[in-house]
Structure formats: C-alpha cells, structure tokens
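Excluded from the calculations below are hydrogen atoms, water molecules and symmetry mates; all remaining heavy atoms, backbone and side chain alike, are included. Owing to the predicted nature of the structure, the values given are computational and were not obtained by experimental measurement.
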Amino acid sequence: MEAYAAGAKFDCLLFDMDDTLYPLSLGINLACRKNIQEYMLNKLRIEESQVPRMCLDLYREYGTTMAGLKVLGYGFDYDDFHACVHGTLPYEKVKPDPVLRQLLLSLPQRKIIFTNSDKAHAARVLEKLGLQDCFQGIVCFETLNPRPPTETEKNSSGSAGTILCKPSLASMEAVIEIAKLDAERTVFFDDSARNIAAGKAAGFRTVIVSVFSVSSPRVVRACVLQSTADADNRQPSMHGNLRMQVGSSALVPGADVALESIHNIKEALPELWEVAAAAAAGDRVDAVLRSTTAVETTVIA
C-alpha cells in the first residue's frame with residue numbers, strides 16, 4: 001500500500017489500543033485498576049485506606065499510576081508489575097473484530113500502535129481482536145523505557161525515578177523520533193482527552209474516540225479542522241467540512257474529530273481512503289491484492 005500512500009495527505013495513523021480499539025464497556029480498564037490497587041496493597045505495602053484515592057490521584061497527575069509510584073520513590077520490578085496487573089485480566093471478553101480488521105487493512109497509510117502498556121499485553125489484546133497483522137509496529141512501555149535500570153528498578157533514591165508515558169509531551173516527541181513520523185502527516189487516535197491535548201501540542205491531527213458511551217443513538221457534530229488557519233485558531237471550518245456522526249462523542253480541547261466508536265472512522269475521515277480509491281479506479285485488481293497483504297506487527301525498539 002505504500003505506493004499510493006505516498007500521495008496521501010496523511011502517511012501514518014497512530015492508534016492508542018486500550019479503550020480505543022475496543023470499547024470501555026468490556027471492563028478491562030476496571031479490572032486493570034483493581035489489579036493495580038492489589039499490587040499497591042500486597043506488594044508495596046501501602047495502607048489499604050489510602051490505596052484507591054492514591055491510585056486515581058497518581059494516574060491523574062502522572063499519566064499512569066505506575067509512573068506516579070516511581071516518582072514517589074517506590075522501588076519495584078517493571079516486569080513483575082506488568083505481570084501482576086495484566087496477568088489476570090479478563091481477556092476472554094475481548095473478541096475478534098472483523099469489521100475493524102477490514103477497515104484497517106483497507107487503509108493505505110502506515111499504522112502504528114502507541115500504548116503505555118507493556119508489549120506482552122499489547123500482543124495479547126491485538127491477537128484477541130484478530131488485528132495482530134494490521135499494524136506495522138508497536139510503540140509500548142518497553143520502547144519508551146528501554147533497559148536498564150533494575151536492582152528492583154532502583155529508587156528510594158537510587159535514581160531512575162521517572163517513567164516516560166502518555167500524556168507527556170516528551171512521550172509524543174519520543175514516538176515521533178522512534179517511529180520516524182512527520183507529525184503534520186500523522187493522525188493520532190486516543191480515548192484520553194489529556195493524550196489528545198498532548199498529541200495536538202506535538203503537531204498531530206487528532207481524533208478522540210469513545211469519550212463516553214451512549215444508550216441510544218443521537219447526532220452530535222464531529223468537527224474537522226481543515227485548514228491551517230482553522231487549526232491555529234481552534235475553529236471548526238463551516239464550509240461543508242462538518243461531519244455528522246450518529247452516536248459521536250463531543251469534541252474535547254485539542255481534538256479535531258470526535259468519534260463514539262473506532263468503527264465510525266470511515267464516515268468521519270473518508271479522506272484517509274481517497275488515494276486508495278483513486279488507485280482502485282485505475283487498477284482494481286492490483287488494489288485488491290495490496291489491501292489484503294498481511295504485515296507482521298513488530299515492537300519498535
């Protein structure tokens with residue numbers, strides 16, 4: 001697909017994974033939080049009455065509870081933390097998504113996962129979704145935080161007290177460097193308003209996904225900022241460029257497009273397929289062959 005992706009306005013699509021490629025309603029997020037709290041209680045010996053509030057406060061301030069714990073001086077092994085937090089998640093709730101798979105395979109752009117989770121969890125989720133061959137790379141915890149330290153990952157205070165993760169601007173700059181992205185030609189999909197704001201600051205075109213779920217369909221405008229002037233002024237273009245989405249989420253600061261579900265991507269961003277459509281019109285057989293080519297997903301290091 002690279003042959004006709006080269007002529008596209010955007011040449012890379014950067015996807016968050018958890019609660020973006022599958023819905024928050026599956027409960028993976030809640031199970032993960034429960035496991036983090038149990039780790040804080042049983043492994044780090046934090047007072048039980050403090051754990052729930054501390055877990056949430058650290059997440060809000062540092063992007064992940066894990067990152068916050070390191071800043072506070074707790075020493076623990078990263079692999080042990082991830083094994084405890086992700087090891088008992090209800091992965092059986094994550095089902096294959098053939099609709100999303102076909103959408104991803106039909107897109108001509110390079111596609112990369114950008115997640116705060118570790119590579120084992122990312123691989124497990126993508127396999128459960130049936131999307132393991134839909135991405136050309138994964139930027140994950142290990143990518144952003146390569147070895148060493150250890151000595152139980154240092155601290156208190158043997159240093160190594162910070163973890164690089166979303167939503168820091170540094171993490172956005174790191175993924176640009178690691179994956180060799182042109183920020184202005186990259187579309188970033190995430191379910192977190194803070195991550196979206198950081199992505200916009202880094203220069204990405206941004207799409208907020210699944211801000212909240214709805215019990216019944218409704219129509220909300222998902223505004224696409226089309227011109228440089230519009231983007232600079234954070235004003236949606238009013239010249240035929242408004243997307244009307246059934247069940248779409250409200251825009252948040254820094255978001256160019258808002259979607260209730262990743263499945264709405266083609267309705268909201270048809271321009272991502274424009275070059276592919278032109279190629280299909282010129283040579284349909286070749287386009288079909290290229291759209292079905294599977295590419296093994298690798299962790300970018």
Q. To the nearest 0.5 Å, how far apart are OG1 in Thr115 and CD1 in Ile138?
A. 9.0 Å
Q) When the aromatic ring centroids of Phe15 and Phe114 are compared, is their separation below 6.0 Å? A) no
**Q.** Derivation and outcome, side chain to side chain contact (heavy atoms under 4.5 Å, CB included), residues Leu41 and Glu47
**A.** CA-CA 7 Å; Leu41 177 65; Glu47 171 61 40; over 6 Å; no
Q) Taking only residues at least two apart or on different chains, which pairs with a member in residues 170-181 satisfy salt bridge (Lys or Arg N to Asp or Glu O under 4.0 Å)? A) Glu177-Lys180
Q: Determine the interplanar angle of the Phe141 and His82 rings, folded into 0 to 90°, and report it as parallel if under 30°, tilted if 30 to 60°, perpendicular if over 60°.
A: perpendicular
Q) Would you say Asn195's side chain and Asp190's backbone share a donor-acceptor pair under 3.5 angstrom? A) no
(Q) To the nearest 0.5 Å, what is the distance between OG1 on Thr64 and CG on Asn116? (A) 6.0 Å
Q. Side chain to side chain contact (heavy atoms under 4.5 Å, CB included) between Phe81 and Lys43: does it pass, once the steps are laid out?
A. CA-CA 9 Å; Phe81 181 92; Lys43 293 291 186 92; over 6 Å; no
Q.
Any side-chain to backbone donor/acceptor pair from Asn264 onto Glu267? Under 3.5 Å, distance only.
A. no
Q.
Has Thr65 got a side-chain atom pairing as donor or acceptor with Cys55's backbone, closer than 3.5 angstrom?
A. yes
**Q.** side chain to side chain contact (heavy atoms under 4.5 Å, CB included) between Thr186 and Arg205, intermediate numbers included
**A.** CA-CA 6 Å; Thr186 299; Arg205 182 64 66 92; over 6 Å; no
Q.
For residues 25-36, which residue pairs pass the salt bridge (Lys or Arg N to Asp or Glu O under 4.0 Å) check, not counting sequence neighbours?
A. Lys34-Glu38
Q: Applying side chain to side chain contact (heavy atoms under 4.5 Å, CB included) between Leu13 and each of Val207, Leu104, Leu272, Ile112, report the one that passes.
A: Leu272
Q: Look at the side chain of Lys111 and the backbone N and O of Gln109, then say whether any donor-acceptor pair between them is shorter than 3.5 Å.
A: yes
Q | Main-chain N/O of Leu164 paired to Asn145 side chain as donor or acceptor, under 3.5 Å | A | yes
Q.
Check whether Phe76 forms a cation-pi arrangement with Arg45 (NZ or CZ under 6.0 Å from the six-membered ring centre, at most 45° off the ring normal).
A. no
Q.
I'd like to know if the side chain of Ser171 and the backbone of Pro167 have a donor-acceptor N/O pair within less than 3.5 Å.
A. no
